[in-house]
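Everything below concerns the one structure shown next.
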Amino acid sequence: IGMLKDCDIAVCHVWNHPALFDFMLNTRLPPCRMIAWLHMSGLHAPYVLSNKLINYFDEFYYSSPVSNLSGIKKDFIWSTGNISSFLKVEKKEHNGFNMGYIGTLDFSKIHPEFINIYSQINISDVKFTVLGHCCHEDLLKEQAEKKKLNINVIGKVSDVKSYLSEFDLFLYPL
């Protein structure tokens, strides 16, 4: 908060997270210009948008034009870079059924029952691949080993396209 007094503009990345809303409601900020960049669609509960949220900021931008379907029209700044190389990923032949997750391995992002959710999937010859890193990577590995699941928690990789080419299904339990 102390740094804000020296800033001309502050950018807030807006997600539907209780800690963010607690901060916004209960923290007295020094005078500054606040810009919001929304990283959710805002179309379905509990991720709905309100004018109260939008008016909290001096400027409010969506990360995708889909958020305009919320009924509150705003400009957008894409949150994704050039994805053209991902659109060219070609499916590779493989054995079994491959499911994958790519993202942050932190229970503030993924569901704390992540491994239990995977364990409930009843598909013969299923293999799970988990890519990403963060503070719960080792715990996820331990949980998968305890349940004797065919879950390979690989961690951080520099190129996800080779993995995407073998995924039959992308599972993202938040």
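No experiment lies behind these values; they were computed from the predicted model shown.
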Do Ser84 and Asn82 have side-chain N/O donor and acceptor atoms under 3.5 Å apart?
-> yes

Could you please spell out the steps behind the ring pair (Phe, Tyr, Trp, His ring centres under 6.0 Å) verdict for Tyr118 and Phe114?
-> CA-CA 6 Å; Tyr118 271 84; Phe114 183 84; 4.8 Å; yes

So do the side chains of Arg33 and Asp8 get within less than 4.5 Å of each other, counting heavy atoms only?
-> yes

According to a 4.5 Å side-chain heavy-atom criterion applied to Ile, Leu, Val, Met, Phe, Trp and Tyr, with indirect links allowed, do Ile121 and Val153 form part of one hydrophobic cluster?
-> yes

Same apolar cluster: Phe76 and Tyr47, side chain cutoff 4.5 Å | yes

What distance separates Ser70 OG from His44 NE2, expressed to the nearest 0.5 Å?
-> 11.0 Å

Value for NE2 (His17) from NE2 (His39), rounded to nearest 0.5 Å, stands at 14.0 Å

Would Thr129 and Ile151 satisfy side-chain contact (heavy atoms from CB on, under 4.5 Å), going step by step from the backbone distance to the final call?
-> CA-CA 6 Å; Thr129 302; Ile151 298 178; over 6 Å; no

Heavy-atom pair with the smallest gap, counting every atom of Ile72 and Ile54 = CG2-CD1, 3.4 Å

For atom CG of Asn95, is the number of surrounding heavy atoms from other residues, nucleotides or ligands below 6.0 Å larger than 12?
-> no

To the nearest 0.5 angstrom, please state how far the CD1 atom of Ile123 sits from the CG atom of Leu169.
-> 7.0 Å

Identify the two heavy atoms, one from Asp58 and one from Cys32, that lie closest to each other, and give their separation to 0.1 Å.
-> OD2-O, 3.6 Å

Does any non-hydrogen side-chain atom of Glu137 lie less than 4.5 Å from one of Val130?
-> no

Rounded to the nearest 0.5 Å, the CZ atom of Phe60 sits from the CD1 atom of Ile35 at a distance of 12.0 Å

Considering all heavy atoms of both residues, which atom of Lys5 and which atom of Pro30 are nearest to each other, and what is their separation?
-> N-CG, 3.9 Å

Which heavy atom of Leu149 sits nearest a heavy atom of Ser119, and at what distance?
-> CD1-CB, 3.6 Å

Out of curiosity, does Val48 fall in the hydrophobic cluster containing Tyr56 (side-chain heavy atoms, cut-off under 4.5 Å, transitive links)?
-> no

Heavy atoms, side chains only, cut-off 4.5 Å: are Ile110 and His136 in contact?
-> no

Same apolar cluster: Leu20 and Phe57, side chain cutoff 4.5 Å = yes

Given side chains that start at C-beta, do those of Met99 and Asp168 come closer than 4.5 Å, heavy atoms only?
-> no

Could you state the interatomic distance from SG (Cys135) to CG (Leu140), rounded to the nearest 0.5 Å?
-> 9.5 Å

Closest non-hydrogen atoms of Asn68 and Lys73, given as atom of the first, atom of the second and distance, are OD1-CA, 3.1 Å

Heavy-atom neighbours of Lys148 NZ exceed 12 at 6.0 Å = no

Answer yes or no: is there a donor N or O on one side and an acceptor on the other, between the side chain of Thr27 and the main chain of Met24, under 3.5 Å?
-> no

Could you pull out the closest heavy-atom pair between Ser41 and Val66, with the gap in Å?
-> CB-CG1, 4.3 Å

Min side-chain heavy-atom separation Ile102-Phe167 under 4.5 Å = yes

Is Lys127 close enough and on-axis enough to Phe97, meaning under 6.0 Å and within 45°, for cation-pi?
-> no

Taking only Lys NZ, Arg NE, NH1 and NH2, and the carboxylate oxygens of Asp or Glu, determine whether Glu142 and Lys146 approach each other closer than 4.0 Å.
-> no

Hey, what do you get for CG (Asp159) to OG (Ser85), rounding to the nearest 0.5 Å?
-> 8.0 Å

Minimum side-chain heavy-atom gap Ser64-Trp78 below 4.5 Å | yes

Should Lys147 and Asn116 count as side-chain neighbours, where that means a heavy-atom distance under 4.5 Å?
-> yes

Applying side-chain contact (heavy atoms from CB on, under 4.5 Å), run through Leu38 and Lys74 and close with a yes or a no.
-> CA-CA 11 Å; Leu38 182 75; Lys74 289 287 177 186; over 6 Å; no

Do Val157 and Phe170 share a hydrophobic cluster (ILVMFWY, side-chain heavy atoms under 4.5 Å, transitive)?
-> yes

Evaluate whether atom CG of Asp75 has more than 12 neighbouring non-hydrogen atoms of other residues, nucleotides or ligands under 6.0 angstrom away.
-> no

Let me see the working for Asn16 and Phe21 under side-chain contact (heavy atoms from CB on, under 4.5 Å), right down to the final yes or no.
-> CA-CA 8 Å; Asn16 184 22; Phe21 293 113; 3.2 Å; yes

Give the intermediate values and the outcome of side-chain contact (heavy atoms from CB on, under 4.5 Å) for residues Trp37 and Cys12.
-> CA-CA 6 Å; Trp37 193 20; Cys12 179; over 6 Å; no

Are any of the side-chain heavy atoms of Tyr163 and Ile154 separated by less than 4.5 Å?
-> yes

Do Asn26 and Asp22 pass the side-chain hydrogen bond (donor to acceptor under 3.5 Å, both in side chains) test, and can you show the C-alpha distance, the side-chain angles, and the key distance before you say yes or no?
-> CA-CA 6 Å; Asn26 297 311; Asp22 178 65; 2.6 Å; yes

Kindly determine whether Tyr101 and Tyr172 satisfy ring pair (Phe, Tyr, Trp, His ring centres under 6.0 Å), including the steps that lead there.
-> CA-CA 6 Å; Tyr101 169 87; Tyr172 200 66; 5.2 Å; yes

